[in-house]
Amino acid sequence: MPKPQSPLPINFDRVGYKPSKEFAKQAHIGSASELVKINSAAAKNIEKFWAAQADTLVWQKPYREILRWKHPRAEWFVGGKLNVSENCLDVHLQTWRKNKAAIIWESEDGNVRTLTYQQLHSEVCKAANALKGLGVKPNDVVAIYMGMVPEAIIAMQACARIGAIHNVVFGGFSSEALRERINDSKATVLITQDGALRRNEILPLKKTADEAIKKCPSIQHVLVVQRTGLPTSLARGRDIWWHEALAAASTECAPTSLPSEHPLFILYTSGSTGKPKGILHTSAGYITQVKYTTNVVFDMKDTDVYFCTADVGWITGHSYVAYGPLACGATILLYEGGPMCPTPGRFWELIDKHRVTIFYTAPTAIRAFMKAGDSWPLRHKLDSLRLLGTVGEPINPEAWRWYHSLIGRERCPIVDTWWQTETGSIMISPIPGATTTFPGTATKPLPGLMIDVVRKDGSSCKVGEGGLLVIKHPWPSMARTIFGDFSRYVKTYWSEFPKTKDCSGWYFTGDGAKKDKLGNIWIIGRVDDVVNVSGHRLGTAEIESALVGHKTVAEAAVVARRDDIKGNVLVAFVTLRNTSKKLDLKKLQKELKDHVGEEIGRFAAPNEIRFAEALPKTRSGKIMRRLLREIVSGNTITGDTSTLEDFSVLEHLRFDEE
Ligand code: WT7
């Protein structure tokens with residue numbers, strides 16, 4: 001693993017964005033001093049802090065012990081029993097929320113369907129009973145391969161209700177990728193839909209699933225949701241229509257009482273090798289921290305309409321669509337379609353129509369909207385919004401400011417939330433009523449967490465010094481293992497800073513970061529994206545941020561190419577913003593290099609700038625730098641490409657090179 005980069009300048013004098021008085025007044029945590037108090041009490045007794053959050057849940061049996069930590073095995077709320085679905089649904093049925101909208105779903109073609117908490121509860125119970133009818137028992141794995149429809153959430157909740165472990169596979173994955181994930185998890189039931197409507201097209205999910213399960217010996221039954229009416233064949237004895245199975249099922253299904261550490265779900269994520277990792281999350285700790293963070297980071301209120309654009313196939317869709325908001329009794333807007341469909345104004349239209357108050361999306365989406373032009377958001381009022389969030393990658397200040405002014409109309413705080421599939425919930429983030437934010441930093445760790453930026457030897461970094469981001473104390477929603485491969489879990493996350501007589505043994509995030517003098521953490525990016533050029537260590541994310549700060553640039557990805565003299569040189573792939581002016585690309589290449597030189601330093605300027613029409617991305621929108629690295633080094637592309645958004649983009653890049 002490469003050593004982290006040397007210090008790069010952070011503009012310490014930049015004026016931050018303070019929460020407005022109006023926002024602070026109504027917020028759950030409404031001042032910096034209040035947050036300091038919460039933080040210091042939590043730091044004094046981390047376990048007590050999390051126990052207080054766990055005590056907001058309904059327990060079927062109280063826990064005896066808050067944390068049992070035998071490095072690197074964590075058990076939270078030992079001896080307790082609860083049910084996650086009960087804590088998301090049943091808890092609201094005794095209150096006025098019974099008839100509150102839990103899910104407002106809008107299809108891509110504009111149909112709206114609303115499910116109240118009572119209705120959602122009935123559907124979940126029916127689905128849970130249907131699963132039981134198919135022989136599903138606690139600890140059985142149920143694969144879910146669906147689009148953004150309410151049934152996806154109903155299916156997840158139904159699994160949680162009966163103690164089955166769900167394995168949601170993003171609907172954009174190929175049959176190969178689905179098969180690998182089903183086989184690794186040994187799922188016995190698959191829930192899918194005939195087709196999913198996405199970008200004006202019907203994705204034939206059942207057909208793709210059929211292809212996958214030809215070689216999935218563990219699958220016994222397939223439940224098929226009818227969404228599009230796409231002609232679909234059902235295998236006799238194996239496949240059942242969802243609506244038929246549910247029609248025959250009772251609307252009552254008592255939540256199964258499950259131990260705190262009962263597995264809740266497996267979610268596959270890409271590692272540094274080709275084989276995806278099945279991240280395993282468990283029940284009580286997960287729902288405790290997901291509920292707490294939904295409350296304080298999104299300042300969730302009963303009057304809110306919350307819109308998270310993440311697909312349920314990713315961790316954000318698990319924690320901040322399917323679980324956290326429901327545990328808080330919130331109203332979720334669930335949108336089926338793509339962000340640009342039929343126009344780049346679709347999200348803004350949805351926000352105005354449903355009076356959305358909280359909007360949570362990814363920097364990559366924000367940059368795509370920037371590229372599409374200001375006129376799209378300017379056509380809409382967006383006056384219901386009160387809070388914005390981002391997640392998934394560092395947000396470049398340029399995009400942050402655009403989001404703040406064009407979407408938030410300079411009125412809404414922005415929470416830049418850092419976390420990972422493995423952390424289960426948000427770890428570093430502003431508290432919107434209390435934290436002064438700075439474009440480009442997720443600011444500080446949330447209460448009850450011990451996070452630091454350290455050197456390879458474990459000592460804490462100085463202000464401005466690049467280092468490794470570590471978590472020094474277990475947290476409730478941490479991944480417990482990689483499904484079926486505990487030793488890979490230990491090797492990947494707990495071996496960089498192992499337990500010794502001087503070190504308690506820390507979790508290594510894989511991210512590089514630095515702290516500023518206010519204690520804000522600036523994520524540089526994955527350490528495998530850190531590059532050494534002529535002895536200078538550079539975060540590619542930082543150079544990309546500089547490039548994107550140039551008025552002509554929409555997106556940029558910087559990768560390294562080996563160089564005999566400098567060790568590495570940088571190659572930047574750049575897409576340009578829409579403009580009517582004809583650009584002199586040769587001149588622009590020089591201008592962009594100079595621009596990076598000005599923003600960071602001459603040494604950071606890419607050796608080469610290549611223009612592309614689009615960048616190759618994973619389905620979740622992350623730029624596939626590994627592939628770009630292979631392109632610049634002239635190798636053919638190998639490894640796992642099952643997460644590619646658009647192979648044609650790749651072909652194009654290779655073509656450009658010739
Ligand atoms: C990696 C985790 C967490 C849900 C979506 C991604 C990067 C995530 C931020 C942020 C800078 C971020 C990190 C992290 N990342 N959020 N706010 N600022 N970087 O989940 O696919 O597990 O990826 O995404 O590099 O390690 P994931």
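When a residue number appears, it is its place in the shown sequence, counting from 1. Keep in mind that this is a model prediction, so the values were computed, not measured. These values consider heavy atoms only, across backbone and side chains, with no hydrogens, waters or symmetry-generated copies. Atoms within a ligand are numbered from 1 in the order they appear, just like the ligands themselves.
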Distance col, row Ile431:CD1 vs Phe298:CZ, nearest 0.5 angstrom, shows 10.5 Å
Using 30° and 60° as the class limits, which term best fits the ring planes of Trp419 and Tyr320: parallel, tilted or perpendicular?
-> perpendicular
With rounding to the nearest 0.5 Å, note down the distance linking CD1 in Ile623 to CD in Glu555.
-> 5.0 Å
Looking only at protein heavy atoms, identify the closest one to atom 6 (C) of ligand 1 and say how far it is in Å.
-> Lys622 NZ, 3.7 Å
Would you call the rings of Phe265 and Tyr286 parallel, tilted or perpendicular if under 30° counts as parallel and over 60° as perpendicular?
-> perpendicular
Of the backbone atoms (N, CA, C, O) and the side-chain heavy atoms from C-beta on, which set of Thr423 has a member under 4.0 Å from an atom of ligand 1: side chain, backbone, both, or neither?
-> neither
Taking the six-membered ring where the residue is Trp, are the ring centres of Phe508 and Tyr493 under 6.0 Å apart?
-> no
The protein heavy atom nearest to atom 13 (C) of ligand 1 is Asp511 OD2, 2.9 Å
For Trp419, atoms of ligand 1 separated by under 4.0 Å from a heavy atom = 2 (C), 3 (C), 4 (C), 8 (C), 14 (C), 16 (N)
For side chain to side chain contact (heavy atoms under 4.5 Å, CB included), just list the numbers for Leu267 and His281, CA-CA rounded to whole Å, side-chain angles, deciding distance to a tenth of an Å, and then say yes or no.
-> CA-CA 8 Å; Leu267 182 61; His281 283 286; 5.9 Å; no
Ligand 1 atoms in contact with Thr417 (distance to a heavy atom under 4.0 Å) = 9 (C), 10 (C), 16 (N), 17 (N)
Backbone, side chain, both or neither: what part of Gln420 comes under 4.0 angstrom of ligand 1, heavy atoms only?
-> both
Look up atom SG in Cys328 and atom CG in Asn87, then write down how far apart they are to the nearest 0.5 Å.
-> 11.0 Å
Among Gly392, Ser425, Gly440, closest by any non-hydrogen atom to atom 7 (C) of ligand 1 = Gly392
Pairwise distance CZ(Arg629) to CE(Met624) - rounded to 0.5 angstrom | 10.5 Å
Taking N or O atoms only and a 3.5 Å limit, does Asp416 qualify as a polar contact for ligand 1?
-> yes
Just go through Pro394, Ala442, Ala513, Gly510 and tell me whose heavy atom is the nearest to atom 19 (N) of ligand 1.
-> Pro394
Can you tell me the protein heavy atom closest to atom 27 (P) of ligand 1 and the distance?
-> Thr421 OG1, 3.6 Å
To atom 4 (C) of ligand 1, the nearest of Ile395, Ile524, Thr316 on a heavy-atom basis is Thr316
Could you tell me which atoms of ligand 1, counted from 1 in the order shown, lie closer than 4.0 angstrom to a heavy atom of Ile523?
-> 11 (C), 19 (N)
Start with the C-alpha distance between Asp184 and Tyr268, add both sets of side-chain angles, then the distance that settles side-chain hydrogen bond (donor to acceptor under 3.5 Å, both in side chains), and finish with yes or no.
-> CA-CA 10 Å; Asp184 190 76; Tyr268 285 85; 2.7 Å; yes
Using a strict cut-off of 4.0 Å, indicate which atoms of ligand 1 neighbour a heavy atom of Ile315.
-> 4 (C)
Out of Met427, Glu393, His318, who gets a non-hydrogen atom closest to atom 9 (C) of ligand 1?
-> Glu393
